[in-house]
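Down below is the structure, laid out as structure tokens.
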Amino acid sequence: KHVESLGITHVKYEEIAGLGHTISRAACERGFAWVEKTLGPARTPLSPAEAKRRLGAVDKAIKSEDWETAREELKSLSHAGARYAKKIGGVAKRCIKAADEGLALVAIDVAGRLGQAGLSALKAVPDDNEVLSAAAATALARTRSLKALKPLLSYLKGSSDAVALSAVNAVERIGDSNADQVLLSG
């Protein structure tokens, strides 16, 4: 009931009288099956060799301005694993600066999924592009990093209404007591 009072409406809860807080293996398996059904199967991280190959493929595609290949290869790096997060963040930063807006949007999405390793790339998003700025605000929230609050404040202060709204929603998603201060100072 507490979870539902927070606005989470898809709650499946089973209580077996007399068991208290015992963890049921069968219930856990049903829970994981539900997550897999809802989100799809978990992806296996890329092997080191495959991650290196795809990083190289993105660089090569950028140099030859093959934007479609660059987008596809960069998307595939989103599950390369934590070992490559910094390198992927660097590649995402270069992609954000590329001439293709579609590639920049993919790079922003991937950088947001990297957590703190993607912050440098997200801070490189140009302020003069409303579409990219709004996407960056959303991706900054996805990092769940308090270090995302400062760039979000700049979106609150100097951007269009659409970008500022994305930034407000992002600050709310981060949900720390510092986030309230950012909104009040913005």
Side-chain angles (χ1 to χ4, degrees), residues 28-152 154-155 163 166-167 169-176 178-179:
C28 289
E29 287 174 0
R30 286 193 306 276
F32 285 119
W34 177 84
V35 168
E36 186 170 335
K37 177 182 159 197
T38 304
L39 301 177
R43 289 181 154 172
T44 305
L46 298 175
S47 69
E50 185 61 16
K52 286 179 185 177
R53 185 200 68 74
R54 291 182 186 194
L55 282 164
V58 173
D59 281 334
K60 183 178 176 183
I62 292 170
K63 287 177 187 168
S64 65
E65 297 186 0
D66 180 357
W67 306 124
E68 185 176 337
T69 300
R71 287 190 297 269
E72 292 306 312
E73 293 292 346
L74 185 59
K75 277 183 204 175
S76 74
L77 284 167
S78 66
H79 65 282
R83 178 179 180 182
Y84 289 96
K86 268 189 154 178
K87 288 182 182 179
I88 296 167
V91 169
K93 190 173 186 175
R94 288 194 304 277
C95 292
I96 287 168
K97 295 177 181 179
D100 184 67
E101 188 175 81
L103 177 59
L105 287 168
V106 169
I108 289 167
D109 180 62
V110 169
R113 295 175 193 282
L114 295 174
Q116 210 154 315
L119 285 175
S120 176
L122 293 171
K123 289 176 182 178
V125 173
D127 291 340
D128 61 344
N129 186 318
E130 187 174 308
V131 173
L132 297 182
S133 294
T138 301
L140 283 162
R142 195 177 302 124
T143 68
R144 298 277 192 218
S145 173
L146 294 179
K147 293 180 180 179
L149 293 174
K150 188 175 181 180
L152 286 169
S154 70
Y155 286 139
V163 174
S166 291
N169 290 331
V171 170
E172 181 182 34
R173 282 183 60 199
I174 291 174
D176 184 80
N178 293 323

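When a residue number appears, it is its place in the shown sequence, counting from 1.
Contact annotation: the side chain of P126 approaches that of L132 to within less than 4.5 Å [non-hydrogen atoms, C-beta and beyond]. Here the side chains of P151 and L122 are not in contact, with every heavy-atom distance at 4.5 Å or above. Inter-residue side-chain proximity for K86 and Y84 is flagged as unmet; no heavy-atom pair is nearer than 4.5 Å. Put simply, the side chain of Q116 does not reach to within 4.5 Å of the side chain of R144, judged on heavy atoms. Looking at heavy atoms from C-beta onward, L77 lies in side-chain contact with L46 at the 4.5 angstrom threshold. In this structure, R94 and K97 have side chains that are not in contact, with every pair of non-hydrogen atoms separated by 4.5 Å or more. Two residues are said to be in side-chain contact when any heavy atoms from C-beta on lie closer than 4.5 Å; S133 and Y155 meet this criterion.
Electrostatic pairing of D66 and K60 does not count as a salt bridge here, judged by no charged N lying under 4.0 Å from a carboxylate O. The pair K63-D59 does not count as a salt bridge, with every side-chain nitrogen at least 4.0 angstrom from each carboxylate oxygen.
Atom CD of E68 has 12 or fewer heavy atoms from other residues, nucleotides or ligands within 6.0 Å. For K87, the NZ atom sits in a loose shell: 12 or fewer heavy atoms of surrounding residues, nucleotides or ligands are nearer than 6.0 Å.
Using a 3.5 Å distance cut-off with no hydrogens or angles, the side chains of S78 and R113 do not pair a donor with an acceptor.
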Item checked: Criterion salt bridge (Lys or Arg N to Asp or Glu O under 4.0 Å) on D109 and K75, from CA distance to verdict -> CA-CA 9 Å; D109 180 62; K75 277 183 204 175; over 6 Å; no
